[in-house]
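Each remark here refers to the structure printed beneath this line.
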Amino acid sequence: QVQLVQSGGGLVQAGGSLSLSCAASGRTLSMYAMGWFRQAPGKEREFVAAIRWSADNTYYGDPVKGRFTISRDSAKNTVYLQMNSLKPEDTAVYYCAAAQFVYRGSDGYHLRESYDYWGQGTQVTVSS
């Protein structure tokens, strides 16, 4: 089992920045990748970003490319999401997730079903 505890988020004006953290504990050696998803009210959970745990491969959803950056600190078993140039449409509950393996190549990182463990969710609100 892997436990994920999120921190960060909050309220910011459009154009501002926020950062999220997700600390993993438990069987962290089994992690292959970690990612971030988000879910706005009335919408499906949407892929935001992912990073392969033992390499530098990163993946981003189209809406956040060029604005968000995912990174990790392996020593701390923590993944980060730096969000810049935030827009009101970025408002959502953000979830971190961990995958024991990702199938289907790079496309697999975008899929909810690739991830085995989920954090508790963190609200991010961007005001206009």
Side-chain angles (χ1 to χ4, degrees):
Q1 292 287 328
V2 174
Q3 293 78 43
L4 303 175
V5 177
Q6 299 177 219
S7 59
L11 173 64
V12 68
Q13 287 188 329
S17 299
L18 283 174
S19 63
L20 302 177
S21 300
C22 178
S25 62
R27 296 177 60 87
T28 56
L29 291 178
S30 69
M31 292 192 306
Y32 183 86
M34 291 188 72
W36 290 94
F37 286 73
R38 67 186 183 185
Q39 189 165 17
K43 294 188 177 181
E44 294 289 320
R45 194 168 295 189
E46 173 187 41
F47 172 74
V48 175
I51 186 167
R52 186 171 167 183
W53 197 246
S54 60
D56 292 330
N57 307 68
T58 56
Y59 308 86
Y60 294 93
D62 287 340
V64 307
K65 283 181 180 177
R67 300 187 297 122
F68 290 13
T69 302
I70 188 171
S71 62
R72 59 161 169 34
D73 184 333
S74 300
K76 295 182 178 180
N77 289 324
T78 299
V79 66
Y80 305 94
L81 185 68
Q82 178 63 41
M83 304 180 289
N84 297 330
S85 302
L86 283 160
K87 304 175 182 179
E89 51 263 45
D90 293 318
T91 296
V93 177
Y94 284 69
Y95 297 90
C96 73
Q100 293 180 305
F101 194 76
V102 176
Y103 298 91
R104 300 177 59 179
S106 59
D107 290 344
Y109 290 89
H110 297 241
L111 303 176
R112 288 180 57 181
E113 53 263 37
S114 294
Y115 297 85
D116 305 286
Y117 306 101
W118 293 85
Q120 79 275 21
T122 301
Q123 178 69 45
V124 170
T125 303
V126 184
S127 63
S128 57

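Note that this is a predicted model, so its numbers are computed, not measured. One is the number of the first residue; the rest follow in order along the sequence.
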Output, in order, the C-alpha distance, side-chain angles, deciding distance and verdict of side-chain contact (heavy atoms from CB on, under 4.5 Å) for V126 and V124. CA-CA 7 Å; V126 184; V124 170; 4.3 Å; yes
Could you go through the side-chain contact (heavy atoms from CB on, under 4.5 Å) check for V64 and R38 one step at a time? CA-CA 11 Å; V64 307; R38 67 186 183 185; 3.9 Å; yes
Verdict with supporting geometry, I51 and Y109, side-chain contact (heavy atoms from CB on, under 4.5 Å): CA-CA 8 Å; I51 186 167; Y109 290 89; over 6 Å; no
Expected list for residues 8-21: side-chain donor-acceptor pairs under 3.5 angstrom, two or more places apart:
residue : atom : partner : partner atom : Å
S17     : OG   : N84     : OD1          : 2.9

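Partners of E89 under the side chain to side chain contact (heavy atoms under 4.5 Å, CB included) rule, at least two apart in sequence or in another chain, are K87. Scored by the side-chain hydrogen bond (donor to acceptor under 3.5 Å, both in side chains) test, R67 finds D90 as partners (sequence neighbours excluded). Contacts of A75 classified as side chain to side chain contact (heavy atoms under 4.5 Å, CB included), with partners at least two apart in sequence or in another chain: D73. Judged as a ring pair (Phe, Tyr, Trp, His ring centres under 6.0 Å), and not counting sequence neighbours, the contacts of Y115 are F37. Checked against side chain to side chain contact (heavy atoms under 4.5 Å, CB included), F101 has the following partners two or more places apart in sequence or in another chain: Y32, Y103.
Minimum heavy-atom separation, S114 to G108: OG-O, 2.6 Å. Residues R72 and R52 approach most closely at NE-O, 3.5 Å, considering heavy atoms. Of all the heavy atoms in P63 and E46, the pair that sits closest is CG-OE2, 3.6 Å. Minimum interatomic distance between Q123 and A92 (heavy atoms only, all atoms of both residues): NE2-O, 3.5 Å. The two residues A98 and L4 come nearest to each other via the heavy atoms N-CD1, 3.7 Å. Here the closest heavy-atom approach between residue V102 and residue G105 is recorded as CG1-O, 3.9 Å.
Here the side chain of Q6 pairs a donor or acceptor atom with the backbone of C96 at under 3.5 angstrom. With hydrogens and angles disregarded, a donor-acceptor distance shorter than 3.5 Å links the side chain of T91 to the backbone of P88. In this structure, Y117 contributes its side chain and Q100 its backbone to no donor-acceptor pair below 3.5 Å.
Between the OG1 atom of T28 and the CE atom of M34 there is a distance of 9.5 Å, given to the nearest 0.5 Å.
By the 4.5 Å heavy-atom criterion applied to side chains, Y59 and F47 are counted as neighbours.
Relative ring orientation between W118 and Y95 is described as perpendicular, the plane-to-plane angle rising above 60° on a 0-90° scale split at 30° and 60°.
Partner of C22 under the side chain to side chain contact (heavy atoms under 4.5 Å, CB included) criterion, out of T78, V5, V79: V79 alone.
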